[in-house]
Amino acid sequence: QKDIKLQLGREGHEVLDQPAPELLVGKWFNSKPQLLANLRGQVVLLQLGDDINSLDNSLDAQLKPVLAAAEKYRDKGLCTIAVHQSLDESRIVTKASEEDISKYLDSHQVKIPFGIDLSTQEAKLETKEGQYGNGATYATYYCHRRGGLYLIDKEGNVAACVDEKDLDKWIETLLAQ
């Protein structure tokens, strides 16, 4: 079997083949708190998304491949989780309330576990060099751009941070292992 544990690029290489860091979430929607340790035996697609305060087409575009994968692989052993950060106050025009977020998720039929990332300050973590935004989960996954698609294997290790175009291939390979 081909070894797929090689993922080139900046995103997440620090955590590749390491136990997946737990999610540092301040508020969960659509589910009880998700603990990765409880998801061993399943492949996990973790989407780290950027500014939750922009409940618009940007968020729609980020969630589209995640929701498609959740639907396609739900009964095959894939658990899909989205964690989005709330950017620091100086970078946002309007702040979405929990009610706004809940309405958005309902109106867009987002049924997967959806969490709001704690800030690095709330989690008492240092922001990593090159990190995009101030999310604690972003920091523990070394996310350096506006978002990332991370795959966690059945043993609970970070297998890859993939591009949308490679998502199905990676999911199918990890589910087959």
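As the structure is a prediction and not an experimental result, all values here were calculated from the model.
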Trainee: Is any side-chain heavy atom of Asn157 less than 4.5 Å from a side-chain heavy atom of Gln18?
Mentor: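 Heavy-atom side-chain distance check fails, nothing below 4.5 Å.
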Trainee: Do Phe114 and Leu63 have side chains that approach each other closer than 4.5 Å (heavy atoms only, starting at C-beta)?
Mentor: yes
Trainee: Find the distance between CG (Leu23) and CG (Leu39) and round it off to the nearest 0.5 Å.
Mentor: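 Spacing of CG (Leu23) from CG (Leu39) equals 8.5 Å.
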Trainee: Can you list the residues that meet the salt bridge (charged side-chain N to carboxylate O under 4.0 Å, His left out) rule with Glu71, with sequence neighbours excluded?
Mentor: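 Glu71: salt bridge (charged side-chain N to carboxylate O under 4.0 Å, His left out) contacts with Arg74.
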Trainee: Rounded to the nearest 0.5 Å, what separation is found between the CG atom of Leu149 and the CG atom of Asp163?
Mentor: 8.0 Å
Trainee: For Gln121, does the CD atom have more than 12 heavy-atom neighbours from other residues, nucleotides or ligands under 6.0 Å away?
Mentor: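 12 or below, so no.
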Trainee: Show the numbers, then the answer: is there a side chain to side chain contact (heavy atoms under 4.5 Å, CB included) between Tyr138 and Thr120?
Mentor: CA-CA 9 Å; Tyr138 261 63; Thr120 51; over 6 Å; no
Trainee: Taking Ile112's backbone N and O only, do any of them form a donor-acceptor pair with Asn30's side chain (distance below 3.5 Å, no angle check)?
Mentor: yes
Trainee: State the CG-CG distance between Leu174 and Asp153, to the nearest 0.5 angstrom.
Mentor: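 If I round to the nearest 0.5 Å, the distance is 6.5 Å.
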Trainee: What I'd like to find out is whether the side chain of Trp28 reaches to under 4.5 Å of the side chain of Ile81, using heavy atoms alone.
Mentor: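 Yes. Closest side-chain heavy atoms under 4.5 Å.
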Trainee: So, for Ala69 and Leu167, which heavy atoms are closest and what is the spacing to 0.1 Å?
Mentor: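 Taking every non-hydrogen atom into account, CB-CD2, 4.1 Å.
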Trainee: Using a 3.5 Å distance criterion without hydrogens, assess whether the side chain of Thr173 forms a donor-acceptor pair with backbone atoms of Lys169.
Mentor: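 Side chain of Thr173 to backbone of Lys169, a donor-acceptor pair under 3.5 Å: yes, one is there.
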Trainee: Strictly by side chain to side chain donor-acceptor pair (under 3.5 Å), give each pair with a member in residues 39-48 just once, sequence neighbours left out.
Mentor: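 Found Gln47-His84.
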Trainee: Nearest 0.5 angstrom please: Lys111 NZ to Thr80 OG1, how far?
Mentor: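 That separation rounds to 14.5 Å.
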Trainee: So which heavy atom on Tyr150 is nearest to which on Tyr141, and how close?
Mentor: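 In this case the closest contact between Tyr150 and Tyr141 is OH-O, 2.9 Å.
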Trainee: Quick one: pull up CG in Leu118 and CG in Leu24 and give me the separation to the nearest 0.5 Å.
Mentor: 6.0 Å
Trainee: What pair of heavy atoms forms the shortest contact from Gln34 to Pro113, and how long is it?
Mentor: CG-CB, 3.7 Å
Trainee: Working to the nearest 0.5 Å, report the span between CG of Asp17 and CD of Glu155.
Mentor: 11.0 Å
Trainee: If I compare all heavy atoms of Gly148 with all of Cys161, which pair ends up nearest, and what's the gap?
Mentor: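 Minimum heavy-atom contact is CA-SG, 4.4 Å.
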Trainee: Considering all heavy atoms of both residues, which atom of Trp170 and which atom of Ala160 are nearest to each other, and what is their separation?
Mentor: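 Taking every non-hydrogen atom into account, CZ3-CB, 3.5 Å.
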Trainee: Taking the side chain as C-beta and beyond, is there a heavy-atom pair between Pro21 and Leu36 under 4.5 Å?
Mentor: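 No, too far: nothing below the 4.5 Å cut-off.
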Trainee: Among residues at least two apart in sequence or on other chains, which ones pass salt bridge (charged side-chain N to carboxylate O under 4.0 Å, His left out) with Asp106?
Mentor: none
Trainee: For Ile101 and Ile116, work out which heavy atoms get closest and say how close.
Mentor: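 Nearest pair, atom of Ile101 first, then Ile116: CD1-CD1, 4.0 Å.
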